[in-house]
Number of protein chains: 2
Amino acid sequence: MKTSKSSVPGMTKSHSGVTKFSGMVLLCKVCGDVASGFHYGVHACEGCKGFFRRSIQQNIQYKKCLKNENCSIMRMNRNRCQQCRFKKCLSVGMSRDAVRFGRIPKREKQRMLIEMQSAMKTMMNSQFSSHLQNDTLIEHHEQTALPAQEQLRPKPQLEQENIKSSPSSSSDFAKEEVIGMVTRAHKDT
Amino acid sequence: MKTSKSSVPGMTKSHSGVTKFSGMVLLCKVCGDVASGFHYGVHACEGCKGFFRRSIQQNIQYKKCLKNENCSIMRMNRNRCQQCRFKKCLSVGMSRDAVRFGRIPKREKQRMLIEMQSAMKTMMNSQFSSHLQNDTLIEHHEQTALPAQEQLRPKPQLEQENIKSSPSSSSDFAKEEVIGMVTRAHKDT
DNA sequence: GAATTAGGTCACCAGGTCAG
DNA sequence: CTGACCTGGTGACCTAATTC
């Protein structure tokens, strides 16, 4: 019947191992680097993926952080503090239980696309019309823009690719992700 | 134009590939995930179906289990031990000889419905009359309090079929299954 | 002819590797 | 130790085949 290979428009995976969505690069939720895919339940780069794998495989106990145990983890400095990096991995939801194998379900893609668009719109609004009053969004916005001291974000969220888990919570999650991504894509331009 | 579909009331198959019965989602008998149909003689999800197919096609000898060869197989961890997963497939009755092709015979549906109802009743009983002594069921009880936001997922339901096994044990089975699924839904949330 | 599944496909990922 | 690459799966979808 359906000859249409019909896939959700938007999501692609370049040959270089970079995951894109509607032409925009997805970012590692741990360090902000370019994500290579959905690893252990979150979008992550090869580095953080490998780091997390090693960490859980051999139940490594990392040396205590030399600072306040809340180092910001970014691409540039992600290797400076293992303890904090691992903590960040966990806080963004990386877990062996969250792995998702196989092809991305069409409806999940669809959902991402939608959430992405709405997030995009939201961002545009807050950016152009009233970026002085909306604290929530500015919060998010900054978080990505200047990776300042964003510590453990109170979001132990874990992406439930699961068919229909609460639509609201997952959308929050995705929104956050999208915002970061969009912001960056924006800056790059 | 037979308007009288007249088949057994209840069984449907959504377009998403999820098998339902009286509005309840059927679960994979191997891992508890949502079943996509009756595969190799058992209600199974796409994952376990594919896994079993591959296993028997190329007579794969899986690596020995790293634990006690009795890993519990659930959606979250089903990929961690192939040997145990395959064993579970066999133990729940998956077999190339058990395939049922084509449309579901009416009497089979009828039978399912009946077994389902009795299983349901059993469950209800143990839930209301004596849920203080039965610790396993407490889990289940909580689930009821969960937000009912959903359309076709975290839903109490069970899975039943066993073409040629003792019909009496079927309700026990269902109960167990429900518990597992509920636990999962719980974890997911 | 409609319902329903075995198998094939191939988008995607966990783990292993090994230069750097 | 880190992370770019490779390999061996995994499972969402699709279609041909099969039964009612």
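Chain naming here is simple, since letters A, B, ... match the order of the sequence lines and numbering starts at 1 in each.
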Mark yes or no for a side-chain to base donor-acceptor pair under 3.5 Å between [X] and [N], with no hydrogen or angle criteria applied.
{"X": "R100(A)", "N": "dG11(D)", "answer": "no"}
{"X": "R54(B)", "N": "dG11(D)", "answer": "yes"}
{"X": "Q82(A)", "N": "dC1(D)", "answer": "no"}
{"X": "R103(B)", "N": "dA2(C)", "answer": "yes"}

What orientation do F51(B) and F86(B) show, parallel under 30°, tilted 30 to 60°, or perpendicular over 60°?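 Perpendicular, since the angle between the ring planes exceeds 60°.
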If I take atom [atom1] in residue [X] and atom [atom2] in nucleotide [N], what distance separates them, rounded to the nearest angstrom?
{"X": "H39(B)", "N": "dA12(D)", "atom1": "NE2", "atom2": "P", "value": "11 Å"}
{"X": "K109(A)", "N": "dC13(D)", "atom1": "NZ", "atom2": "C1'", "value": "11 Å"}
{"X": "K106(B)", "N": "dA3(C)", "atom1": "NZ", "atom2": "P", "value": "14 Å"}
{"X": "F51(A)", "N": "dG16(C)", "atom1": "CZ", "atom2": "P", "value": "17 Å"}
{"X": "F38(A)", "N": "dG15(C)", "atom1": "CZ", "atom2": "C1'", "value": "18 Å"}
{"X": "R75(A)", "N": "dT2(D)", "atom1": "CZ", "atom2": "C1'", "value": "14 Å"}
{"X": "R80(B)", "N": "dT10(D)", "atom1": "CZ", "atom2": "C1'", "value": "15 Å"}
{"X": "F86(A)", "N": "dC1(D)", "atom1": "CZ", "atom2": "P", "value": "15 Å"}

Which one, [options], comes nearest to the side chain of [X]?
{"X": "K49(B)", "options": "dA14(C), dC14(D), dT2(D)", "value": "dC14(D)"}
{"X": "P105(A)", "options": "dT10(D), dT18(D), dC13(D)", "value": "dC13(D)"}
{"X": "R85(A)", "options": "dT2(D), dA6(C), dA14(C)", "value": "dT2(D)"}
{"X": "Q57(A)", "options": "dT10(D), dG16(C), dA12(D)", "value": "dG16(C)"}
{"X": "E46(A)", "options": "dT10(D), dG3(D), dG7(C)", "value": "dG3(D)"}

Thinking salt bridges, do R75(B) and D97(A) make one under a 4.0 Å N-O criterion?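 Judged by the 4.0 Å cut-off on N to carboxylate O distance, R75(B) and D97(A) do not form a salt bridge.
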Under 4.0 Å between a side-chain N or O of [X] and OP1 or OP2 of [N]?
{"X": "N79(B)", "N": "dC13(C)", "result": "no"}
{"X": "Y40(A)", "N": "dG15(C)", "result": "yes"}
{"X": "R53(A)", "N": "dT2(D)", "result": "no"}

Take atom CD in Q61(B); do more than 12 heavy atoms of anything else shown fall under 6.0 Å from it?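 Check fails, neighbour count at 12 or below.
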Pairwise distance NZ(K67(B)) to SG(C81(B)) - rounded to 0.5 angstrom: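 Going from NZ on K67(B) over to SG on C81(B), the span is 8.5 Å.
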With a 4.0 Å cut-off on heavy atoms, is R78(A) in touch with a base, just the backbone sugar-phosphate, or nothing at all?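 Sugar-phosphate contact only - R78(A) comes under 4.0 Å of backbone atoms but never of a base.
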So, applying side-chain contact (heavy atoms from CB on, under 4.5 Å) with C89(A), which one of I73(A), V30(A), I56(A), V42(A) is it?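 Among the candidates, only V30(A) passes.
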Using heavy-atom distances to pick each residue's nearest nucleotide on DNA chain D, tell me which of G47(B) and I60(A) is more 5'.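 Between the two, 5'-proximity favours I60(A).
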Within the 3.5 Å criterion, strictly below it, is a donor on R85(B) or N79(B) matched to an acceptor on the partner's side chain?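 Yes, because at least one side-chain N or O of R85(B) sits under 3.5 Å from a partner of the opposite role on N79(B).
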